[in-house]
Amino acid sequence: ADSLPIVICSNQTLYVVDSTQGAEAWQWRLGSAESVSLRQAEFYFTAGDSIMCDTLALIVNSAYGCTDTLLWPVLVIPAPTVVFAWNPSMPADMCPEVQLLNYSEPPTCQWMWLVTRTDGAMDTLTEHSPCYRWEGDLPHGDFDVMLTASMTVTVDSIQHLCSDTARHAI
């Protein structure tokens with residue numbers, strides 16, 4: 001039977017553990033580059049700008065000289081990278097709004113801004129680079145601003161979500 005693919009986001013680590021009874025030696029191989037000779041292994045996937053396909057192989061040896069090999073396809077989905085700024089850099093009572101500037105990649109992601117005001121109330125914004133305006137006097141202290149970008153990819157009718165988050169005090 002075909003193995004379901006392992007789907008992972010870039011900039012994440014895949015942890016694998018074998019539970020084969022009677023095994024005495026293991027070799028995990030990811031493509032032709034990485035190899036680990038332990039019962040458990042980890043593989044880190046770096047960022048890329050397109051979906052990467054590879055194969056994870058597990059070769060197990062018993063004390064009796066028997067060898068078995070298992071293969072799994074691995075799909076690495078490029079995760080978004082969140083970067084943002086704001087203008088003006090120092091909001092003031094005279095200018096009760098700030099432009100949130102989204103420089104994240106790729107631009108096809110879904111965005112969610114979460115602004116936590118000094119009184120603990122929260123505002124959610126979904127525009128790419130929204131203008132945030134507060135009512136009344138600018139409260140003393142910082143606003144906590146968080147931007148999350150997410151991408152959803154469907155593989156074998158299963159949706160996989162990759163996301164990244166950045167947070168700044170404004």
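Keep in mind the model is a prediction, meaning the values are calculated, not measured. The chain is numbered in sequence order, starting from 1.
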Derivation of the side chain to side chain contact (heavy atoms under 4.5 Å, CB included) call for Leu75 and Met52: CA-CA 6 Å; Leu75 298 175; Met52 181 189 87; over 6 Å; no

Using 0.5 Å steps for rounding, measure from the [atom1] atom of [X] to the [atom2] atom of [Y].
X	Y	atom1	atom2	value
Arg29	Thr55	CZ	OG1	12.0 Å
Met122	Phe143	CE	CZ	13.5 Å
Ser62	Asp68	OG	CG	9.5 Å
Leu114	Leu125	CG	CG	8.5 Å
His168	Met146	NE2	CE	12.0 Å
Leu161	Ser150	CG	OG	5.0 Å

Heavy-atom distance under 4.5 Å between the side chains of [X] and [Y], does that happen here?
X	Y	result
Leu58	Leu71	no
Pro78	Cys162	no
Val76	Asp54	no
Tyr132	Asp123	yes
Asp156	Pro5	yes
Thr67	Val60	no
Val16	Asp18	no
Val36	Phe43	yes

Crowding at CD, Gln110 (>12 non-hydrogen neighbours, <6.0 Å): no

Count I, L, V, M, F, W, Y as connected when their side-chain heavy atoms are under 4.5 Å apart, and connections chain through other members. Are [X] and [Y] then in the same cluster?
X	Y	result
Leu56	Ile59	no
Ile170	Leu147	yes
Leu38	Trp72	yes
Ile6	Trp26	yes
Ile8	Leu70	yes

Closest non-hydrogen atom pair between [X] and [Y], with its separation:
X	Y	answer
Ala41	Trp28	CB-CD1, 3.7 Å
Val82	Ser104	CA-OG, 3.2 Å
Ser19	Arg39	CA-NH2, 4.2 Å
Phe45	Cys9	CB-O, 4.4 Å

Pair Phe84 + Trp113: ring centers closer than 6.0 Å: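 Ring-ring flag for Phe84/Trp113: true, centres closer than 6.0 Å.
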
Criterion side chain to side chain contact (heavy atoms under 4.5 Å, CB included) on Ser163 and Met151, from CA distance to verdict: CA-CA 6 Å; Ser163 62; Met151 292 178 54; over 6 Å; no

Test side chain to side chain contact (heavy atoms under 4.5 Å, CB included) applied to Thr13 and Tyr15, step by step: CA-CA 6 Å; Thr13 301; Tyr15 298 93; 3.5 Å; yes

Ring geometry between Trp111 and His128 (parallel below 30°, tilted from 30 to 60°, perpendicular above 60°): perpendicular

Any side-chain donor near an acceptor of the partner, Gln99 and Ser129, under 3.5 Å: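 No, Ser129 and Gln99 have no side-chain donor paired with an acceptor closer than 3.5 Å.
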
Side-chain donor-acceptor contact under 3.5 Å, Thr148 with Thr165: yes

